[in-house]
Amino acid sequence: QTLTPHVYWAQRHEDVYLRVELSDAQVQYKSTQRQVNISVRKQEHGWWDRLTRQDRRPLFLAPDFDRWLDESDAEMELRAKARPPDPPSLLTHNSHERINKISLESRVPKDPFSSLKRGYLFMYNLVQFLGFSWIFVNMTVRLFILDSFYDTFHTIADMMYFCQILAVVEVVNPAIGLVKTGVIPAMIQVHPTAAALIPVCCPLQVVGRNVILFVIFGSLEDMQNKAVVFFVFYLWSIIEIFRYPYYMLACIDTEWKTLTWLRYTIWMPLYPLGVLAEAVAVIQSLHIFDKTGLYSLPLPRALGSSLSFSYSLQLYLVLMFLGLFVNFRHLYKQRRRRFRTKKRKAQ
């Protein structure tokens, strides 16, 4: 029986890296090597969506996370390589920047609308950052005011509606090619606190946060005066005041190490707390939907009068906690990959 070796791959704009594990494979020659590293030069500079021609990934093929970089990180690596380590004193700072820019542009295909796209994305992230900052500051002040928990919705809801409706742009951007992220991951970002089943595609990811905001809080007046509204809104705003500045700086090829660390670390306490707060909101709304019959599905007389909307929320509640485990594991791997890459480049 011939065994197929495991193959791990990574890429840059110019090269493809393959690592073939030989420990479980039969080979035709004697070798003490347990792996073979192959570097292949791409015929055309660019970024591939996948290694194989077919959409379905072979079982033996997997990403090489020891060398894996996102496209934006690979471009930053190109800039670092293009920058002279010890520039001569005769060259001015502006001269070196011009040389680095020319070197980078020769390796990465130039997009004639790049500046326009970056300007648009920068302004979008800036508006969202200002909106969620307003929410965060107002709610932080309200922490020190007696009974401030119970009128949060009436004070903050309009700005939260604006920011959350605007967040739909994050689904449109990859769909029209403005950003490299896939449409499904962008849909997940519309609901970053209670995203379920990442990276598995699930329609509930598209409407996750909107279910809490528009259906539960917006439709039920009895929910609008509850303290859980404060905690849900506050956790959402904390997440976004770190996420959007990170993307703003990425639009201008700038990295603030402290912000990067926070963006890849602060979710560790916030995701579980956010899911817990949203779960409390769902549980508190169940009996209200049963009592009012809002959004109930009419049924034939033989089956009963109607099917309560609370059953859908109970299913959503199960997916929410299942998504907590899957999402936490996914984001933890993303964090390890990000900082492991930085440590390797520092060495």
Side-chain angles (χ1 to χ4, degrees), residues 128 131-132 134-136 138-139 142 147-172 186-197 202-240 270-300 303-324 327:
Q128 287 284 49
F132 280 104
W134 183 91
I135 294 173
F136 174 77
N138 276 269
M139 298 189 69
R142 297 170 64 81
D147 294 333
S148 64
F149 288 167
Y150 301 99
D151 60 347
T152 297
F153 183 86
H154 302 288
T155 307
I156 306 297
D158 288 341
M159 181 60 72
M160 185 63 76
Y161 281 144
F162 170 78
C163 292
Q164 192 56 34
I165 292 175
L166 188 61
V168 177
V169 171
E170 297 179 32
V171 179
V172 177
M187 290 179 176
I188 295 170
Q189 290 293 340
V190 175
H191 175 45
T193 307
L197 302 178
C202 177
L204 290 177
Q205 294 169 351
V206 184
V207 295
R209 181 179 282 188
N210 292 333
V211 168
I212 304 297
L213 178 59
F214 293 98
V215 177
I216 295 180
F217 293 157
S219 300
L220 302 177
E221 291 186 6
D222 293 342
M223 289 295 301
Q224 294 174 4
N225 295 322
K226 293 184 180 294
V228 69
V229 178
F230 176 90
F231 294 104
V232 171
F233 282 7
Y234 199 53
L235 289 168
W236 286 356
S237 64
I238 296 175
I239 292 174
E240 305 300 23
L270 293 184
Y271 271 118
L273 290 175
V275 171
L276 180 62
E278 294 177 17
V280 170
V282 172
I283 293 172
Q284 290 182 347
S285 70
L286 294 179
H287 76 279
I288 302 178
F289 281 108
D290 288 335
K291 181 180 178 180
T292 61
L294 186 64
Y295 302 133
S296 295
L297 180 64
L299 297 176
L303 298 178
S305 58
S306 62
L307 181 64
S308 176
F309 183 70
S310 64
Y311 292 111
S312 300
L313 291 179
Q314 292 176 37
L315 175 60
Y316 175 73
L317 198 61
V318 174
L319 293 176
M320 185 185 297
F321 283 101
L322 177 62
L324 172 63
N327 194 23

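Residue numbers count from 1 along this sequence. Every value quoted in this text rests on a predicted model; they were computed, and no experiment measured them.
For residues 222-231, the set of pairs meeting the side chain to side chain donor-acceptor pair (under 3.5 Å) definition, not counting sequence neighbours, comprises His154-Asn225.
Atom CD1 in Ile283 sits 10.5 Å away from atom CD1 in Ile216 (nearest 0.5 Å). Remark: Asp290 CG to Ser306 OG distance equals 9.5 Å, nearest 0.5 Å. In this structure, CD on Gln314 lies 12.5 Å from CG on Leu319, to the nearest 0.5 angstrom. Taking CZ of Phe231 as the reference point, atom CH2 of Trp236 lies at 15.0 Å (rounded to 0.5 Å). With rounding to the nearest 0.5 Å, the separation of CD1 in Ile288 from OG in Ser219 is 11.0 Å.
Contact annotation: the side chain of Val215 never approaches that of Leu220 to less than 4.5 Å [non-hydrogen atoms, C-beta and beyond].
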Checklist entry - Step by step, would you call Gln128 with Val169 a side chain to side chain contact (heavy atoms under 4.5 Å, CB included)? => result CA-CA 11 Å; Gln128 287 284 49; Val169 171; over 6 Å; no
Next on the checklist: Evaluate Val211 against Leu313 for side chain to side chain contact (heavy atoms under 4.5 Å, CB included), listing each step before the verdict.
Outcome noted: CA-CA 9 Å; Val211 168; Leu313 291 179; 4.2 Å; yes
Checklist entry - Could you walk me through whether Asp151 and Arg142 pass the side chain to side chain contact (heavy atoms under 4.5 Å, CB included) check? => result CA-CA 10 Å; Asp151 60 347; Arg142 297 170 64 81; 2.3 Å; yes
Next on the checklist: For Phe217 and Met160: C-alpha separation, side-chain torsions, deciding distance, then whether side chain to side chain contact (heavy atoms under 4.5 Å, CB included) applies.
Outcome noted: CA-CA 11 Å; Phe217 293 157; Met160 185 63 76; over 6 Å; no
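For Ile156, the side chain to side chain contact (heavy atoms under 4.5 Å, CB included) partners are Trp134, Ile135, Asn138, Met139, Thr152, Phe233, not counting sequence neighbours. Phe136 pairs by the ring pair (Phe, Tyr, Trp, His ring centres under 6.0 Å) definition with Tyr234, not counting sequence neighbours. When the side chain to side chain contact (heavy atoms under 4.5 Å, CB included) test is applied to Val280, the partners found at least two apart in sequence or on another chain are Val228, Gln284. Among residues two or more places apart in sequence or in another chain, the side chain to side chain contact (heavy atoms under 4.5 Å, CB included) test is passed with Phe162 by Val127, Met159, Leu166. Residues passing the ring pair (Phe, Tyr, Trp, His ring centres under 6.0 Å) test with Tyr311, sequence neighbours excluded: none. Here Phe309 pairs with Phe289, Tyr295 under the ring pair (Phe, Tyr, Trp, His ring centres under 6.0 Å) rule; sequence neighbours left out.
Under the 30°/60° scheme for interplanar angles, the aromatic rings of Phe153 and Tyr161 are found to stand perpendicular.
When every heavy atom of Ser296 is checked against every heavy atom of Ser308, the shortest pair comes out as OG-CA, 3.7 Å. Minimum interatomic distance between Leu286 and Ser310 (heavy atoms only, all atoms of both residues): CD2-O, 3.6 Å. Closest approach of Leu324 to Pro272, counting heavy atoms only: CD1-CA, 3.9 Å.
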